[in-house]
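The residues of the chain are indexed from 1 along the displayed sequence. Ligands are counted one by one from 1 in listed order, and the atoms in each one are counted from 1 as well.
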Amino acid sequence: MATVVVATGNPGKLDELQAYLGDLGWHLQLKPGDLEIAETGTTFLENARLKASGVAQATGHWAIADDSGLQVDALKGAPGLYSARYAENDGARIARVLSELEGNVERGAQFVCALALARPDGTIALETQGICRGEILRAPRGQGGFGYDPIFYLPQLGQSFAELSPEQKRIHSHRGRAFQQLLPAFQQIRLD
Ligand code: IMP
């Protein structure tokens with residue numbers, strides 16, 4: 001079975017990727033704990049490429065990486081690449097976005113997920129970007145998910161990301177879309 005190293009040290013992320021890639025027969029493995037790849041890119045796609053490439057070269061295996069975040073229209077795309085670092089914790093990050101948008105009627109926003117698969121020599125074999133558009137609520141709603149989920153609302157479903165079941169989120173989310181886009185190519189590729 002071909003090994004694909006996931007460019008994350010987070011076992012939760014490995015489980016999530018397993019849910020998308022489970023049927024491919026790949027053996028997914030966490031990256032070595034001491035291997036850090038600097039995310040110096042200026043776009044989500046550049047960071048996904050850097051992580052996939054760096055982990056592939058360091059381990060000699062195929063590697064898959066994703067990079068994602070929230071872009072708010074009225075904040076000129078912030079928090080964007082800084083989504084994970086916008087404040088100390090999820091609650092504070094949500095509070096910051098809500099306060100920066102206070103009184104603003106323009107609520108449009110999108111989640112973006114870039115995905116890259118690198119060959120063992122570090123070259124990129126496949127890449128894509130999934131986008132999910134929605135609106136920023138005026139107060140958090142829902143208990144599920146993580147990160148900015150409670151303030152990201154999908155008008156077509158009438159629910160926030162935090163109110164979706166994991167299956168619904170897999171269908172509609174930026175990450176789900178990115179994986180759906182690459183799945184046919186993943187099924188074709190020969191990992192040897
Ligand atoms: P990463 O690419 O998984 O490291 O995600 C970067 C940051 O973007 C996370 O720490 C979250 O703050 C935010 N983010 C990415 N995807 C989601 C999502 O599906 N829901 C909520 N927040 C997300």
- Interfacing atoms of ligand 1 (cut-off 4.0 Å, heavy-atom, K169): 18 (C), 19 (O), 20 (N)
- Item | Heavy atom of the protein closest to atom 10 (O) of ligand 1 (residue, atom name, distance) | A84 CB, 3.5 Å
- Query: Hey, looking at atom 14 (N) of ligand 1, which of F111, Y86, Y82, F161 has the closest heavy atom?
  - Reply: F111
- Query: Is any side-chain N of the basic residue among E102 and R138 closer than 4.0 Å to the acidic one's carboxylate O?
  - Reply: no
- Message: Under 3.5 Å between any N/O of D90 and any N/O of ligand 1: does that happen in this structure?
- Response: no
- Task: Give the atoms of ligand 1, by number and element, whose distance to some non-hydrogen atom of K13 is under 4.0 Å.
- Result: 1 (P), 3 (O)
- Salt bridge flag under 4.0 Å for residues D67 and R49: no
- Provide the number and element of each atom of ligand 1 under 4.0 Å from a heavy atom of D67. 2 (O)
- How far apart are the closest heavy atoms of G122 and Q57, and which atoms are they? CA-CG, 3.7 Å
- Message: Quick test of your reading of the model: are K13 and D66 salt-bridged, counting only N-O distances below 4.0 Å?
- Response: yes
- Subset of ligand 1 atoms that lie under 4.0 Å from at least one heavy atom of R175: 15 (C), 16 (N), 17 (C), 19 (O)
- Task: Give the atoms of ligand 1, by number and element, whose distance to some non-hydrogen atom of D149 is under 4.0 Å.
- Result: 18 (C), 19 (O), 20 (N), 21 (C)
- ligand 1 and H174, any nitrogen or oxygen pair closer than 3.5 angstrom? yes
- Closer than 4.0 angstrom: is that true for some heavy atom of L70 and an atom of ligand 1? no
- Atoms in ligand 1 flagged as close to S68, the criterion being non-hydrogen separation under 4.0 Å: 1 (P), 2 (O), 3 (O), 5 (O), 6 (C), 7 (C), 8 (O), 15 (C), 16 (N)
- Output the distance between atom CD (Q129) and atom OG1 (T43), rounded to the nearest 0.5 Å. 7.0 Å
- Message: One pair to check against side chain to side chain contact (heavy atoms under 4.5 Å, CB included): F152 and C132. What are the steps and the verdict?
- Response: CA-CA 10 Å; F152 189 78; C132 178; 4.0 Å; yes
- Message: Whether D149 and R141 form a salt bridge (side-chain N of Lys/Arg under 4.0 Å from carboxylate O of Asp/Glu) is what I want to check.
- Response: no
- Note on the structure: When distances are taken from atom 17 (C) of ligand 1, the protein heavy atom at minimum range is F146 CZ, 3.4 Å
- Message: If the cut-off is 4.0 Å to any non-hydrogen atom of G147, which atoms of ligand 1 fall inside it?
- Response: 21 (C), 22 (N)
- Message: I need the atoms of ligand 1 closer than 4.0 Å to a non-hydrogen atom of G69, numbered in the order shown.
- Response: 8 (O)
- Which is it for T59 and K31 under the side chain to side chain contact (heavy atoms under 4.5 Å, CB included) test, yes or no, and what are the steps along the way? CA-CA 8 Å; T59 61; K31 79 169 168 64; 5.8 Å; no
- Which residue and heavy atom of the protein sit nearest atom 8 (O) of ligand 1, plus the separation: S83 CB, 3.4 Å
- CG (L81) and CZ (F44) are apart, to the nearest 0.5 Å, by 5.0 Å
- Query: Quick one: nearest non-hydrogen protein atom to atom 12 (O) of ligand 1, plus distance?
  - Reply: Y148 CE1, 3.2 Å
- Item | Aromatic plane relationship, F186 with W26 - under 30° parallel, 30 to 60° tilted, over 60° perpendicular | perpendicular
